[in-house]
Each structure stands twice: as structure tokens, then as C-alpha cells.
Novice: 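If you scroll down you'll find the structure; I have some questions about it.
Side chains are part of it too, since the values below use all heavy atoms of this structure and drop only hydrogens, waters and symmetry mates.
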Amino acid sequence: MSDASKLDQQTAELMEQILYEVKRVVVGQDRLLERMMVALLAQGHLLVEGVPGLAKTLTVKTLAETIGGKFKRIQFTPDLVPSDLVGTRVYNQASGQFSTSLGPVFANLLLADEINRAPAKVQSALLEVMQERQVTIAGETHKVPSPFLVMATQNPIETEGTYPLPEAQVDRFMMKVMVDYPSDEEERVIVDRVTGPAVKVREVATLEQLAALQKQCREVYVDPSLVEYAVKIVTCTRTPEKHGLKDMRAQITYGASPRATIGLTEGARALALMRGRRYALPEDMTDLVPEVLRHRVVLSYDALSAGLTPDALIAQIMQAIPAPPKPLKHIDDEKLAA
């Protein structure tokens with residue numbers, strides 16, 4: 001076995017260890033957990049929508065424990081102010097001097113719970129940190145820890161008194177994941193685990209290892225045909241008539257931005273790395289298309305009144321634009337490393 005193959009195998013084994021350790025506590029939620037790992041490796045952020053009680057907080061907290069990272073949770077409320085997130089200057093009466101008190105955004109994994117319950121200025125403060133990965137307080141710049149993942153949740157029920165995220169700001173999230181109820185069998189296991197002895201989570205990876213994996217992820221090869229495929233899918237949300245979907249033009253008000261194309265490419269790299277490869281295949285990208293696009297496609301009033309959803313239109317787009325043939329199928333690891 002070549003050194004490159006051994007490295008791929010070690011990477012896949014480490015990923016499996018992390019996922020296995022988290023699943024000792026969290027039942028189900030395989031898709032959410034996999035997308036969290038993709039976001040970590042691709043250095044993106046997640047927007048999660050689901051009703052309360054589906055283990056969203058538990059999943060993020062457990063993942064942080066397995067990688068030795070710092071976890072913080074912010075409950076967004078209407079009376080929250082930006083300084084509650086990023087920090088502020090505090091006057092010390094004894095010394096007569098000001099000191100900086102950093103906010104909860106200075107963590108490796110940050111859970112922004114019910115982000116749509118806070119005013120726009122608070123949402124903007126968080127989204128700015130997500131983009132810049134630093135905070136400026138009284139003219140002094142403070143960088144957030146690395147790795148840095150924000151998982152923001154939205155509650156689809158009890159929407160009165162909420163502040164929906166503007167489309168321009170929600171674009172900062174790499175993916176939007178929908179979390180559904182567990183199956184009957186999964187719910188029985190959940191009850192057994194919650195009412196049984198507590199499970200102690202082990203730290204199976206370090207932040208240094210995760211940083212190395214992020215660097216390795218950027219080196220995963222993406223064939224130009226796959227990049228072209230991502231471009232076609234994203235541009236089809238803007239000008240569907242150019243791809244034979246003339247009727248869709250009246251159903252979409254705004255299509256996805258170039259951030260979607262970048263997200264598909266980086267996400268495909270991360271999934272390929274998790275699956276033990278150093279090159280991306282079409283299935284690595286197609287698996288992520290709904291999550292990357294669903295929050296970036298703004299439907300028209302006619303589409304909403306007809307009961308259409310972004311996922312339904314995305315499925316039509318994927319049928320209209322076939323994935324390219326598998327690239328690099330005949331190339332071995334040694335040639336790829338060279």
C-alpha cells in the first residue's frame with residue numbers, strides 16, 4: 001500500500017471514530033452529523049431547521065467533546081444586543097482601567113439557538129463574525145478560535161414575534177439542513193439512552209488533527225467537469241430557460257449566488273475526504289445540492305401560492321442537468337499524488 005493510500009485510510013478511520021463516538025450519545029440524525037463534519041472540513045457554517053427536542057444542541061456539544069473543542073450556546077431572544085455575542089469593554093473601578101470581556105462567539109463550535117428570535121442588528125453581528133472570523137472591540141481586533149463552526153437553528157413553529165433572516169445574510173451559511181422526527185425504533189433507543197446510565201464521551205481527535213484535515217481537504221482534487229456541473233446547476237436557478245426549464249422562470253424571484261458554487265465544490269471535497277478519497281466524484285456533489293441551494297433560492301409569490309418548495313424546484317434542476325461521468329476512475333493514487 002502506498003503512503004498516499006495509507007494516509008487516505010487513516011483519514012477515513014479518524015472520521016469513523018469521531019462519528020462513532022458521537023453516535024454513542026446521539027441516536028439517528030446521521031444526515032445532520034455528516035453535514036456538520038462537511039462544514040467543519042470545508043470551513044463553512046450550518047443553518048438547521050427543525051422543531052424543538054431533536055437533539056440539535058446535544059449533537060453539537062457531543063461533537064465538540066470528541067474533538068477537544070470549546071462549545072458555547074447562545075439562546076437568541078428579542079432583547080439580545082450585539083455585545084452579548086461578541087463582547088464589550090468593562091470598566092474596572094478598582095484599577096480605573098477598561099478591560100475587554102470577550103463574548104461567547106469565541107468558541108470552536110457555537111450553537112446559535114433560534115437565531116430568528118433576535119433583532120436584525122444581532123443577526124448581522126453574528127453573520128459578520130462568521131464571514132470575517134474576527135471581532136473588533138474598541139479598535140482592537142480579536143480573532144475567533146480555529147476551527148470555527150456556527151450552527152444556527154430556526155424553529156418552524158411559533159413564528160410570531162420572530163425576525164426572519166434576510167436573503168442576503170442567509171447566503172453566508174454554506175448549507176441548510178432540515179431535521180425531521182426520529183423513526184419509531186430510533187425513538188425507543190432515545191428513551192433507553194436518556195433514562196439509562198450516562199455515556200461518557202471520549203476525545204478521539206484533537207484540534208490540531210482537525211486543522212490538518214482542513215488543510216488536507218483543500219488539496220482534494222475536483223475535476224473541471226465537476227466544477228462545470230456545479231456552475232450549471234447554480235446558474236440554472238438564475239436563468240432556468242437557458243437549460244430547457246422555461247416554466248421555472250416565473251417560479252423563482254432570485255437564484256443562488258456564486259457562494260453556492262463554491263459551497264458545492266468545497267463540500268464535495270470534504271465528502272470525498274470523509275469517504276477515503278483524495279478526488280471528488282459526482283455523487284459527492286449531488287448529495288449536497290439540496291442543502292447548499294434550498295436557502296438560496298427565493299421563490300416567487302406564484303410558486304408559494306401553488307405550494308411549491310425550493311426542494312421541489314431543485315429536484316427538477318438536477319433532472320434537467322445530468323451529472324458528468326466519474327472522473328479519475330482509471331487514475332491510481334500514485335499518479336494523482338504526482
Novice: Which pairs count as ring pair (Phe, Tyr, Trp, His ring centres under 6.0 Å) when at least one residue sits in residues 35-86, sequence neighbours excluded?
Specialist: His45-Phe148

Novice: Could you list the residues that satisfy side-chain hydrogen bond (donor to acceptor under 3.5 Å, both in side chains) with Glu241, not counting sequence neighbours?
Specialist: none

Novice: Take Val25 and Arg193 through the test side-chain contact (heavy atoms from CB on, under 4.5 Å) and record every step on the way to the result.
Specialist: CA-CA 8 Å; Val25 177; Arg193 290 194 185 178; 5.5 Å; no

Novice: Any non-hydrogen side-chain atom of Pro182 less than 4.5 Å from a side-chain atom of Ile190?
Specialist: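 Result yes, sub-4.5 Å side-chain heavy-atom pair found.
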
Novice: Look at Glu114 together with Arg117 and state whether they make a salt bridge at an N to O cut-off of under 4.0 Å.
Specialist: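 Salt bridge flag = yes for Arg117 with Glu114.
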
Novice: Do any N or O atoms from the side chain of Thr239 and from the backbone of Thr235 form a donor-acceptor pair under 3.5 angstrom?
Specialist: yes

Novice: Applying a strict under-4.5 Å side-chain criterion to I, L, V, M, F, W and Y, I'd like to know whether Val189 and Val191 cluster together.
Specialist: no

Novice: With sequence neighbours left out, write down each residue that passes side-chain contact (heavy atoms from CB on, under 4.5 Å) with Glu21, or none if nothing qualifies.
Specialist: Arg24, Thr66, Val201, Arg202, Val204

Novice: Go through the steps for Lys246 and Met248 under the test side-chain contact (heavy atoms from CB on, under 4.5 Å), then give the verdict.
Specialist: CA-CA 5 Å; Lys246 186 183 298 184; Met248 194 178 289; over 6 Å; no

Novice: Are the charged groups of Arg31 and Glu291 less than 4.0 angstrom apart, N to O?
Specialist: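 Yes, this pair counts.
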
Novice: Charged N to carboxylate O under 4.0 angstrom, Lys56 versus Asp113?
Specialist: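 Answer for the salt bridge query: no.
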
Novice: With hydrophobic residues grouped by side-chain heavy-atom distances under 4.5 Å, do Leu304 and Leu313 end up in a single group?
Specialist: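 Yes, Leu304 connects to Leu313 through the hydrophobic network.
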
Novice: Can you check side-chain contact (heavy atoms from CB on, under 4.5 Å) on Ile67 and Ile18, steps first, answer last?
Specialist: CA-CA 8 Å; Ile67 63 174; Ile18 294 173; 4.2 Å; yes

Novice: I need the minimum non-hydrogen distance between Ile314 and Pro290, along with the two atoms involved.
Specialist: CD1-O, 4.2 Å

Novice: Determine whether a donor-acceptor pair (N or O, by modelled atom type, separation under 3.5 Å) exists between the side chain of Arg172 and the backbone of Leu127.
Specialist: yes

Novice: Quick one: which of Leu14, Leu213, Val38 gives a side chain to side chain contact (heavy atoms under 4.5 Å, CB included) with Met274?
Specialist: Val38

Novice: Can you name the residues that form a salt bridge (Lys or Arg N to Asp or Glu O under 4.0 Å) with Glu49, not counting sequence neighbours?
Specialist: Lys176

Novice: Any side-chain donor-acceptor pair under 3.5 Å between Asp79 and Thr77?
Specialist: yes

Novice: Please report the interatomic distance OH(Tyr221) to CZ(Arg278), rounded to the nearest 0.5 Å.
Specialist: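 So the OH of Tyr221 and the CZ of Arg278 are separated by 13.0 Å.
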
Novice: Hey, could you give me the CE/CD1 distance between Met174 and Ile262, rounded to the nearest 0.5 Å?
Specialist: 10.5 Å

Novice: Do you reckon Val81 sits in the same ILVMFWY cluster as Leu126, going by side-chain contacts under 4.5 Å, direct or chained?
Specialist: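 Cluster IDs for Val81 and Leu126 differ.
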
Novice: Is it the case that atom NZ in Lys232 sees more than 12 heavy atoms from other parts of the structure closer than 6.0 Å?
Specialist: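 Counting other residues, nucleotides and ligands, NZ of Lys232 stays at 12 neighbours or fewer.
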
Novice: Considering all heavy atoms of both residues, which atom of Asp302 and which atom of Ser305 are nearest to each other, and what is their separation?
Specialist: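 Where Asp302 meets Ser305 most closely, the heavy atoms are O-OG, 2.8 Å.
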
Novice: Leu207 and Gly69: which non-hydrogen atoms are nearest, and at how many Å?
Specialist: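 Taking every non-hydrogen atom into account, CD2-CA, 3.9 Å.
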
Novice: Measure the shortest side-chain to side-chain distance between Leu111 and Ile74 over non-hydrogen atoms and say whether it is less than 4.5 angstrom.
Specialist: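 They are not in side-chain contact.
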
Novice: Would you say Arg277's side chain and Ala280's backbone share a donor-acceptor pair under 3.5 angstrom?
Specialist: no

Novice: List the steps and the verdict of side-chain contact (heavy atoms from CB on, under 4.5 Å) for Asp192 and Val27.
Specialist: CA-CA 10 Å; Asp192 290 340; Val27 180; over 6 Å; no

Novice: Quick check on the hydrophobic clustering: are Val298 and Val292 connected, directly or via other members, by side-chain heavy-atom contacts under 4.5 Å?
Specialist: no

Novice: Working to the nearest 0.5 Å, report the span between CD of Glu228 and CG of Asp223.
Specialist: 11.0 Å

Novice: List the steps and the verdict of side-chain hydrogen bond (donor to acceptor under 3.5 Å, both in side chains) for Gln131 and Arg133.
Specialist: CA-CA 6 Å; Gln131 183 72 19; Arg133 296 180 185 266; over 6 Å; no

Novice: Would you compute the distance between atom CG of Leu110 and atom CG of Leu149 and round it to the nearest 0.5 angstrom?
Specialist: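 Between Leu110 CG and Leu149 CG, I get 8.5 Å after rounding to 0.5 Å.
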
Novice: Please report the closest heavy-atom contact between Met285 and Tyr229, naming both atoms and the distance.
Specialist: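 Of all heavy-atom pairs spanning Met285 and Tyr229, the closest is SD-CD2, 3.7 Å.
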
Novice: Please report the closest heavy-atom contact between Leu46 and Ala39, naming both atoms and the distance.
Specialist: CG-CB, 4.0 Å

Novice: Just wondering, do Thr153 and Ile115 contact through their side chains at under 4.5 Å, heavy atoms?
Specialist: no

Novice: Out of the candidates Thr136, Val122, Val135, only one should pair with Val86 under the side chain to side chain contact (heavy atoms under 4.5 Å, CB included) rule; please name it.
Specialist: Val135

Novice: For atom CG of Asp247, is the number of surrounding heavy atoms from other residues, nucleotides or ligands below 6.0 Å larger than 12?
Specialist: no

Novice: Would you say that Pro147 contacts Gln43 through its side chain, given a criterion of any heavy-atom pair below 4.5 Å between the two side chains?
Specialist: no

Novice: Does His243 use its side chain to pair, donor to acceptor, with the backbone of Ala320 at less than 3.5 Å?
Specialist: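 Not at all, since once roles are kept as given, no pair shorter than 3.5 Å links the two residues.
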
Novice: Write down the atom of Gln214, the atom of Leu40, and the distance for their closest heavy-atom approach.
Specialist: NE2-O, 2.7 Å

Novice: Do Ile317 and Thr237 come close enough that some side-chain heavy atom pair is under 4.5 Å?
Specialist: yes

Novice: How long is the span from the CG atom in Asp287 to the CG atom in Leu264, to the nearest 0.5 Å?
Specialist: 11.5 Å

Novice: Would you call Leu41 and Gln216 a side-chain contact if the rule is heavy atoms closer than 4.5 Å?
Specialist: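 The answer is no, as the side chains (C-beta and beyond) never meet within the 4.5 Å cut-off.
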
Novice: Step through the shown structure and confirm whether more than 12 heavy atoms of other residues, nucleotides or ligands are within 6.0 Å of CD on Glu128.
Specialist: no

Novice: To the nearest 0.5 angstrom, please state how far the CE atom of Met36 sits from the CD atom of Gln29.
Specialist: 10.5 Å

Novice: Is Glu266 salt-bridged to Arg218, going by a charged N under 4.0 Å from an acidic O?
Specialist: yes

Novice: Between Val222 and Tyr279, is there a side-chain heavy-atom distance shorter than 4.5 Å?
Specialist: no

Novice: Would you confirm whether Gln154, through its side chain, and Leu47, through its main-chain N or O, come within 3.5 Å as a donor-acceptor pair?
Specialist: no

Novice: Following the transitive rule for hydrophobic clusters with a side-chain heavy-atom cut-off under 4.5 Å over Ile, Leu, Val, Met, Phe, Trp and Tyr, establish whether Leu63 and Leu58 coincide in one cluster.
Specialist: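 Hydrophobic grouping puts Leu63 with Leu58.
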
Novice: Just wondering, do Met151 and Leu32 contact through their side chains at under 4.5 Å, heavy atoms?
Specialist: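 Sidechains of Met151 and Leu32: in contact.
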
Novice: Once side chain to side chain donor-acceptor pair (under 3.5 Å) is applied, what residue pairs with a partner in residues 251-265 remain, sequence neighbours excluded?
Specialist: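 As it turns out, the side chain to side chain donor-acceptor pair (under 3.5 Å) pairs with a partner in residues 251-265, which skip direct neighbours, are Asp171-Ser257, Asp171-Arg259.
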
Novice: Taking NZ, NE, NH1 and NH2 as the nitrogens, is one of them in Asp284 or Arg269 under 4.0 Å from a carboxylate oxygen of the other?
Specialist: no

Novice: Do Ser300 side-chain atoms and Ala250 backbone N/O form a donor-acceptor pair below 3.5 Å?
Specialist: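 Yes, Ser300 side chain to Ala250 backbone: donor-acceptor pair under 3.5 Å.
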
Novice: List in chain and number order the residues that pass side-chain hydrogen bond (donor to acceptor under 3.5 Å, both in side chains) with Lys143, two or more places apart in sequence or in another chain; answer none if no residue qualifies.
Specialist: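 Residues passing side-chain hydrogen bond (donor to acceptor under 3.5 Å, both in side chains) with Lys143: Gln134.
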
